[in-house]
Number of protein chains: 2
Amino acid sequence: MNKSAAPASPAAPGPSPFRNAQQREADRASKRDAVLLAAVHLFNQRGFHATSLDDVAASLGVSKPLIYHYLGGKDQVLFECMRIGLQQLREAADEVARQPGTGMDRLKRFLRRYAECIMEDFSRCVIRTGDETLSPEIRPQFRALKSEIDHAMRKLIAEAAADGSAKVTDVKLTAFAFAGALSWTARWHEPGGALQPAEIAEQMVEILTRGISP
Amino acid sequence: MNKSAAPASPAAPGPSPFRNAQQREADRASKRDAVLLAAVHLFNQRGFHATSLDDVAASLGVSKPLIYHYLGGKDQVLFECMRIGLQQLREAADEVARQPGTGMDRLKRFLRRYAECIMEDFSRCVIRTGDETLSPEIRPQFRALKSEIDHAMRKLIAEAAADGSAKVTDVKLTAFAFAGALSWTARWHEPGGALQPAEIAEQMVEILTRGISP
DNA sequence: CGTGCCATTTACTCAAGAGTAAATAGTATA
DNA sequence: TATACTATTTACTCTTGAGTAAATGGCACG
């Protein structure tokens with residue numbers, strides 16, 4: 001009984017349930033993010049095609065059309081996940097670009113961050129879900145973003161070679177080798193496994209860069 | 001006119017159109033292979049989910065039920081493709097296991113063969129198509145085969161470390177790094193590109209193994 | 001020769017799941 | 001208070017593509 005009880009204090013000490021425009025926008029953004037997070041979890045776990053939007057909605061306790069409300073179709077959802085993943089990788093590159101140190105130091109720092117990203121949700125999704133999954137209309141956008149990161153890595157390798165802190169014969173192939181080795185963690189590393197991502201990243205970078213020390 | 005002309009020579013010098021049991025079986029096998037080859041091409045090009053069995057059938061100029069006749073459902077087709085791909089990798093491992101040389105020599109040989117396989121149709125498909133795509137019933141089989149290859153690589157690395165031809169701190173991680181770098185070619189290398197697979201394999205192996213030379 | 005198997009096709013069924021229309025209710029703001 | 005907007009749901013539609021039943025016709029072999 002007494003289902004709709006009156007509030008204890010009329011002065012309302014807690015946050016008001018009435019939101020202003022800013023708060024509503026923040027609300028919306030956080031709900032959007034929640035959808036993306038739920039989606040990326042399922043995508044990584046079961047694969048994109050084995051995950052229906054109904055599944056994503058159900059995992060949040062809401063209904064499918066709500067996802068359309070926040071994000072539009074399934075392709076959009078995937079692309080947003082990938083965009084976030086790529087953005088994180090890109091931020092790693094930008095951050096390192098601003099830091100001091102020998103080329104090799106900076107390369108190592110980047111590779112470590114790269115590996116760590118790949119073992120987190122969104123960048124993981126970038127690797128696990130091939131670009132052929134994206135609709136042909138947005139695929140070029142994805143490729144462009146991806147390419148930026150590839151080139152950032154090449155640049156760091158080239159700089160390390162230039163300042164003598166590394167010895168490299170083929171920059172492009174080296175970049176592919178490094179990116180491949182690190183990206184592959186998205187396939188074999190299980191989140192919550194015995195080995196911590198940071199350790200894996202550390203050791204992996206060691207293994208890879210030992211080959212290009214002068 | 002003269003549509004159904006009589007054969008030029010009654011003695012039939014060419015192969016007879018009438019097949020015996022063995023020939024029919026060979027026929028059947030070669031048709032089965034043709035289906036798998038057509039399928040793996042499309043899977044690699046467009047992705048498994050974007051390829052319908054109708055597409056595969058059409059690319060061969062036959063009808064879908066014929067594929068069911070030779071191979072059973074779509075899952076079977078994919079698994080067969082992957083089985084072939086894994087078998088090729090496994091043969092590479094077995095071959096190297098029988099050869100002489102230092103551990104490092106043999107490891108290098110294996111890595112080169114591994115990379116070359118990955119840039120061919122079937123092994124390429126193994127990498128491009130994640131195991132989550134397989135139905136839960138056959139996935140364990142796939143994993144088991146995959147695991148054999150992983151362990152073969154680890155064994156070679158361990159042997160190279162044991163005979164002093166390589167210096168390795170963590171065998172497992174090293175194997176993952178190598179497998180990742182080489183597997184990644186399935187993602188970026190386009191068949192018929194400027195660089196030959198053999199060259200790529202050669203250089204890639206060089207880049208990777210330089211890091212574990214003593 | 002006729003009987004039955006094998007290859008192959010046509011013409012279907014059926015389910016899943018993406019996407020949508022329209023209703024409902026709560027909240028903000030004039 | 002009236003009005004308009006936002007969040008959210010229910011209850012659909014429609015397409016795609018996997019898988020199947022059944023018919024056809026040739027070839028082999030008794």
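Labels below follow one simple rule: chain letters A, B, ... track the order of the sequence lines, proteins then strands, and each chain is numbered from 1.
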message: Salt bridge or not between B/Arg139 and B/Asp131? Use side-chain N to carboxylate O under 4.0 Å.
response: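 No, this pair does not count.
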
message: Can you tell whether the side chains of A/Arg113 and A/Glu91 come within less than 4.0 Å, N to carboxylate O?
response: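 Salt bridge: no.
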
Provide, to the nearest angstrom, the distance between the [atom1] atom belonging to [X] and the [atom2] atom belonging to [N].
| X | N | atom1 | atom2 | value |
| --- | --- | --- | --- | --- |
| B/Leu66 | C/dA11 | CG | C1' | 16 Å |
| B/Asp55 | D/dA18 | CG | C1' | 13 Å |
| B/Leu78 | D/dA18 | CG | P | 12 Å |
| B/Ile67 | C/dC6 | CD1 | P | 20 Å |
| B/Asp54 | D/dT15 | CG | P | 17 Å |
| B/Lys74 | D/dT16 | NZ | P | 15 Å |
| A/Leu53 | C/dG19 | CG | C1' | 9 Å |
| A/Lys31 | D/dA7 | NZ | P | 7 Å |

Phosphate contact ([N] OP1 or OP2) by [X] side-chain N/O below 4.0 Å:
| X | N | value |
| --- | --- | --- |
| B/His69 | C/dA7 | yes |
| A/Arg28 | D/dT6 | no |
| B/Tyr70 | C/dT8 | yes |

query: Within the modelled atom types, does a donor on one side and an acceptor on the other bring the side chain of B/Lys64 and the base of D/dA18 under 3.5 Å apart?
result: yes

- prompt: For B/Ser52, which contact category applies under a 4.0 Å heavy-atom criterion: base, sugar-phosphate, or nothing?
  reply: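 Sugar-phosphate: the residue B/Ser52, judged by heavy atoms under 4.0 Å, touches backbone atoms but no base.
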
- prompt: Heavy-atom count around A/Arg154 CZ within 6.0 Å, excluding the residue itself: above 12?
  reply: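 It does: A/Arg154 CZ has more than 12 such atoms within range.
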
field: Short side-chain donor-acceptor distance under 3.5 Å, A/Arg109 and A/Gln99
entry: yes

